[in-house]
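Data block below; observations after.
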2 protein chains.
Amino acid sequence: MSWEEVFRNYLDDKDIRILKLLNQDANISDAKLGKLVGLSKTAVRLRRVKLQNSGILKIVGVVVLQNLGIPYADLLVKLKNDIVLREQFINKLIANDLVYEVTEYMGDWDLLIRLFHNNIAKLKDESLKIISDKAVQDYRISYVVKTYKAWGKSILSSI
Amino acid sequence: MSWEEVFRNYLDDKDIRILKLLNQDANISDAKLGKLVGLSKTAVRLRRVKLQNSGILKIVGVVVLQNLGIPYADLLVKLKNDIVLREQFINKLIANDLVYEVTEYMGDWDLLIRLFHNNIAKLKDESLKIISDKAVQDYRISYVVKTYKAWGKSILSSI
DNA sequence: ATTGAAAAGATCAGAGA
DNA sequence: TCTCTGATCTTTTCAAT
């Protein structure tokens with residue numbers, strides 16, 4: 001079962017190929033994309049811009065923390081049943097520069113929070129600071145050893 | 001406490017500014033970066049390429065699953081203490097197109113696996129298939145409701 | 001889809017620290 | 001030795017047709 005087979009429900013083959021090629025190499029030009037996909041560069045351009053405007057495709061400059069040697073950790077958090085507190089807490093997380101990711105779950109845990117810091121001691125301090133918020137009911141900390149794959153692609157080999 | 005203060009231990013000010021600007025907008029040109037940072041476009045280019053070659057910076061075309069309406073989930077997995085089984089399992093995950101992320105932890109859980117599929121039923125099937133591997137000792141499934149922030153930036157507003 | 005002007009990308013020899 | 005600069009040439013982008 002592949003990428004294409006899932007995305008086929010949402011996009012046509014040419015859009016899927018464009019996404020796949022841009023996932024492999026975000027700097028590929030519209031002209032090259034066109035040759036590979038079988039469209040004029042103008043047509044590719046229109047499709048690409050449409051995908052970007054709809055938020056399906058994002059070209060992102062990502063700092064790979066593990067290649068810098070910066071330690072990071074994931075917090076699993078269970079929140080109290082207070083919508084206002086919950087919203088304030090999430091907004092605080094989004095505004096916090098040291099928070100790399102915030103994902104909401106349905107299930108035992110409410111949030112996954114990924115954060116980073118200079119060293120493990122500071123990482124723990126920041127984690128404790130975050131979970132001391134009154135919106136938090138329970139939590140678990142997991143320190144990251146290594147990320148093998150991210151954004152749908154292996155990040156160990158190649159660019 | 002900010003981005004810059006953490007990265008200062010690893011990079012100089014100009015590299016940090018380049019990373020930050022590219023994180024905000026991956027399509028900014030070397031010339032504009034140069035004006036903002038105070039370098040010629042050639043100098044910016046050299047720094048950017050160096051950051052990319054060292055794996056610290058990646059410019060990635062990302063498919064934003066939630067903007068496509070594709071459901072995804074995180075599996076927390078505890079592995080058995082068998083190095084060979086463990087390695088085979090991780091390699092299988094990396095090769096699996098439906099697996100979006102694989103992160104290794106130190107702690108109660110060994111792996112975070114993020115995967116996606118057409119619908120929740122298939123997502124569950126694929127999850128069960130993955131955790132039926134003989135390397136797996138225990139697991140938890142968390143379905144994702146929403147991702148607020150990723151790659152160090154809010155993904156709800158803006159590009 | 002084609003065109004043309006403006007912008008960006010890529011390369012290089014030489015300056016400067 | 002390492003980094004920056006400015007000149008030059010190629011390619012891409014982008015809007016108009």
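Within every chain, numbering begins at 1; the chains are lettered A, B, ... in the order of the sequence lines, protein sequences first and strands thereafter.
Straight-line distance from the CG atom of A:Leu46 to the C1' atom of D:dA16: 14 Å, rounded to whole Å. The distance between atom CZ of B:Arg48 and atom P of D:dT3, rounded to the nearest whole Å, is 16 Å. Per the geometry, CD1 belonging to A:Ile28 stands 14 Å off C1' belonging to D:dT11, to the nearest Å. Atom NZ of A:Lys41 is separated from atom C1' of D:dC14 by 10 Å (rounded to the nearest Å). Taking atom CD1 of B:Ile18 as the reference point, atom P of D:dT3 lies 12 Å away to the nearest angstrom. Distance CG (B:Leu36) to C1' (C:dA8): 15 Å, rounded to an integer number of Å. Atom pair B:Asp30:CG and C:dA8:C1' shows a separation of 8 Å (rounding to whole Å applied). Between B:Lys14 atom NZ and D:dC4 atom C1' there is a gap of 11 Å when expressed in whole angstrom units.
Ion pairing between B:Arg47 and B:Asp12 holds under the 4.0 Å rule for side-chain N and carboxylate O. Classification of B:Asp82 and B:Lys134 as a salt-bridged pair fails, no side-chain N sitting under 4.0 Å from a carboxylate O.
Counting any heavy atom pair closer than 4.0 Å across all strands shown, B:Lys50 reaches sugar-phosphate atoms only and no base atom. Within 4.0 Å of B:Arg45, counting heavy atoms only, lies at least one base atom of the nucleic acid. Residue-level contact check: B:Ala31 touches neither bases nor backbone, having no heavy atom under 4.0 Å from any strand. Across all strands shown, B:Thr42 has heavy atoms under 4.0 Å from base atoms, whether or not it also approaches the sugar-phosphate.
The side chain of B:Lys32 has C:dA8 as its nearest neighbour among D:dT13, C:dA8, D:dC4.
Considering CG of A:Asn67 and CD1 of B:Ile56, their distance stands at 7.5 Å, rounded to 0.5 Å.
Side chain of B:Lys149 to main chain of A:Tyr100: no donor-acceptor pair is present (N/O by atom type, distance under 3.5 Å, no hydrogens or angles).
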Where do A:Phe89 and A:Ile113 land on the side-chain contact (heavy atoms from CB on, under 4.5 Å) test, with the steps shown first?
CA-CA 11 Å; A:Phe89 182 58; A:Ile113 304 164; 4.1 Å; yes

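Side-chain N/O atoms of A:Ser40 include one lying less than 4.0 angstrom from OP1 or OP2 on C:dA1.
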